[in-house]
Every structure is written in structure tokens, then in C-alpha cells.
Amino acid sequence: MTSPHFLIVDDEPISLDQAVQYLQTMGRFQEFLLDILCQHALAKAIRSQIDSNLSQATLEQRLVDFRTQHNLTNPYDFQVWLANQGIDYETFRQKSLWDLSVELLREQINREQFLDFFQQRKPFLDQVILSWIAVDTKDAILEVSQKLESGLDFDHLADAYTSPDEDAYGVEEPFSREGMPEALKAAIACVEPGHVTQPVYLDDRWYIFRVEALITAELNDELKEQLETELFEHWLNDKVGAMTVKLEVN
């Protein structure tokens, strides 16, 4: 069966099959396909979960607000703006309705799932301040560990084992657990402030870390917005990942 025409360029037809081949050659097909699947997942969810009557009523006020905010209440000015955007009124209206529907869907997902998502993410959002002693060999770090167990001061040992050309053995700025190597996450998981970890091997060196402070994540406006975006992306990725996709071009 002949693949249907997808485009006509300078009177020359480009089939859907040929268009897909072009995208594959450019390495853009996966991105193109993912965009389609994401839009399909959103459209399906909007049809089943969002009240279309509510969307339409809210849309009318949103269109009025948009024109007011952008000084487009004059019909002539509005038509000029549409022409400059390369769209007609119906396209503008449908795009606005789509954006509003996605926004309402996002709000609904956050109402239903945000608290659970925050609790799942919270351990990785908490921050920690660490000091450490770093040495090159396992024997050396075992020696440090034994001296700490015998009661020697951590800061004194850190100074003793830090070579003159090394930076300070600790950091003042807190950093998130999320970006830590897995070995470090595991090492500090049950360590209280003021206490030290077991020896940890990272980046070809051996470390003992002291937890200086734990800073619990606070759900401020900035973090809430970040997590709401993450939750929506996570939800969308799950929807796309669950799809069965068959490519039917010749």
C-alpha cells in the first residue's frame, strides 16, 4: 500500500514514510514521537477528567483578561496582533483552551497526589553539612577510624591527614542528599549530627565523614512549584511509558 502524502513541497509530494525516514536520519524521530505521545496522553486525560463546561466558562474570562493585560481590547489592534502571530481567532481560542485544560489537569493531579509525592521526595530534598577526612589507601582510613574510636579529636586528625596542597576538609554550604553518590547516601543515612560514618570509598579515595548538621526541607512556594512540575512530568512519563505503540508506515 502506498504511504499517504504528508506534505506537498514545490508540487512534490512527501509521503508519511519519507517524512519519518527524514526524521530518523536527523536523529529527531524519537523526540517527534515522544511529543505526539505526550500530547495524546494529555488529550486523553483531559477528555476523561476535566469538565469541558467548566473549561469553556473559565476560558471566556481568561480571553478577556489576556486582551486587557496586553492592551488588545480594541478589535482592530487584536486583529493586527493575530496577524502578526500568524494565527486566526479560532486557532488562538483553541490554543488558549488547550493551555487552560492542561493547567486544570495539572491542578487536579497535584490536589490528589502532591502530599504523597512530597513525602516520597522529602528525604532527598533534605540537606546536609559535612566535614571529612580523605586518604588514599584503605589501610590509612582504617588507621584513622581506629584513632577516632580511641577518642582522638576529628578536627585534629583531619588537620594531620590533610596534605598542604589540599583544600579544607569540610564545607560550609549545605548540599542536597539527592545529588550524592549512593555510597555516601547510605553512609550518612543513620548518622546523627556530630557523629561520623564508617569508611566510604569514593572517586579513588577513602573518606570518613562527620555530619555537621541536617537541614530539613521546608515546603515554601519555590519548592512547592518545583515539586508540582516534577509531579506532573512524572505523571506524564508514567502515562507514556504504559502505552503500547505500533508504527505503521511502509
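Numbering starts at 1 and runs along the sequence shown.
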Between Phe117 and Trp235, is the gap from one ring center to the other below 6.0 Å? no
Between the side chains of Thr91 and Asp88, does any donor sit under 3.5 Å from an acceptor? yes
Taking CD in Glu222 as the centre, count heavy atoms belonging to other residues, nucleotides or ligands within less than 6.0 Å. Is the count above 12? no
Heavy-atom distance under 4.5 Å between the side chains of Val128 and Val211, does that happen here? yes
Does Ser145 reach the main-chain N or O of Leu142 with its side chain, forming a donor-acceptor pair under 3.5 Å? no
Ignoring hydrogens, what is the shortest heavy-atom contact between His156 and Asp153? Give both atom names and the distance. N-OD2, 2.9 Å
Here the pair of heavy atoms bringing Leu202 nearest to Tyr207 is O-CE1, 3.5 Å
Going by distance alone, is a donor N or O of one side chain under 3.5 Å from an acceptor N or O of the other, for Gln69 and Asp65? no
Around atom CG of Asp221, are there more than 12 heavy atoms of other residues, nucleotides or ligands at under 6.0 Å? no
Does the side-chain contact (heavy atoms from CB on, under 4.5 Å) test come out yes or no for Leu63 and Arg67, once each step is laid out? CA-CA 6 Å; Leu63 294 178; Arg67 292 180 63 176; 5.6 Å; no
Does Lys185 make a cation-pi contact with Phe124 (under 6.0 Å, within 45 degrees of the axis)? no
Hey, can you tell me if Trp81 and Phe92 have their rings parallel, tilted or perpendicular (30° and 60° cut-offs)? perpendicular
Close side-chain approach of Val102 and Phe232, heavy atoms under 4.5 Å: yes
Lys122 and Leu219: side-chain contact (heavy atoms from CB on, under 4.5 Å), yes or no, with the steps? CA-CA 9 Å; Lys122 189 177 181 301; Leu219 193 58; over 6 Å; no
Exceeds 12 heavy-atom contacts within 6.0 angstrom, atom OH of Tyr89: yes
Salt bridge (charged side-chain N to carboxylate O under 4.0 Å, His left out) between Glu60 and Arg93, worked out: CA-CA 9 Å; Glu60 298 306 325; Arg93 192 177 189 283; 2.3 Å; yes
Please tell me if the side chains of Trp132 and Arg205 come closer than 4.5 Å, counting only heavy atoms from C-beta onward. no
With side-chain contact (heavy atoms from CB on, under 4.5 Å) as the test, would you mind laying out the steps for Ile46 and Trp98 before giving the verdict? CA-CA 9 Å; Ile46 287 169; Trp98 173 261; 3.9 Å; yes
Connected via hydrophobic side-chain network under 4.5 Å: Leu23 and Ile8: no
Closest contact, heavy atoms only, Ile215 versus Pro174: CD1-CB, 3.6 Å
Is there a side-chain contact between Phe78 and His70 in this structure, where contact means two heavy atoms from C-beta onward sitting under 4.5 Å apart? no
Measuring from atom OG1 of Thr197 to atom CG of Leu130, what distance do you get when rounded to the nearest 0.5 angstrom? 8.5 Å
Linking I/L/V/M/F/W/Y whenever their side-chain heavy atoms sit closer than 4.5 Å, directly or via other members, would Val80 and Leu72 fall into one cluster? no
Rounded to the nearest 0.5 Å, what separation is found between the CD atom of Glu107 and the CG atom of Leu104? 5.5 Å
Atom CD of residue position Gln198 - does it have more than 12 heavy atoms of other residues, nucleotides or ligands inside 6.0 Å? no
Are the side chain of Arg210 and the backbone of Val196 linked by a donor-acceptor contact shorter than 3.5 Å? no
Can you tell me how far the CD atom of Glu230 sits from the CG atom of Asn237, to the nearest 0.5 Å? 11.5 Å
Whether the side chain of Ser101 engages the backbone of Leu97 through a donor-acceptor N/O pair (distance < 3.5 Å, no angle test) should be reported. yes
Inter-residue atom distance Asp159.CG - Phe154.CZ, 0.5 Å rounding: 10.0 Å
Distance from Lys224 atom NZ to Thr229 atom OG1, nearest 0.5 Å? 10.5 Å
Once you round to the nearest 0.5 Å, how far does CG of Leu34 lie from CG of Leu236? 8.0 Å
In the structure I gave you, are the side-chain heavy atoms of Gln113 and His234 within less than 4.5 Å of one another anywhere? no
Is Lys95 atom NZ crowded by more than 12 heavy atoms from other residues, nucleotides or ligands, each under 6.0 Å away? no
Leu37 versus Lys239: any side-chain heavy-atom pair under 4.5 Å? no
Does Asp35, at its CG atom, have more than 12 non-hydrogen atoms belonging to other residues, nucleotides or ligands within less than 6.0 Å? yes
Common cluster, Leu82/Val64, ILVMFWY with side-chain heavy-atom separation under 4.5 Å: no
Of all heavy-atom pairs between Asp126 and Ala217, which one has the smallest distance, and what is that distance? OD1-N, 2.8 Å
Between Asn74 and Tyr76, is there a donor-acceptor pair closer than 3.5 Å when you use the side chain of the first and the backbone of the second? yes
Shortest non-hydrogen contact from Ala41 to Met243? CB-CE, 3.5 Å
Can you confirm whether more than 12 heavy atoms, excluding those of Gln119, are under 6.0 Å from its CD atom? yes
Decide whether Leu33 and Met26 are clustered together by the hydrophobic rule: side chain heavy atoms of Ile, Leu, Val, Met, Phe, Trp, Tyr closer than 4.5 Å, transitively. no
Closest heavy-atom pair, Asn110 versus Leu231, reported as atoms and distance to 0.1 Å, is OD1-CD2, 3.2 Å
Report yes if the distance between the aromatic ring centroids of Phe6 and Tyr22 is under 6.0 Å, otherwise no. no
Which class fits the ring pair Phe29 and Phe32: parallel under 30°, tilted 30 to 60°, perpendicular over 60°? tilted
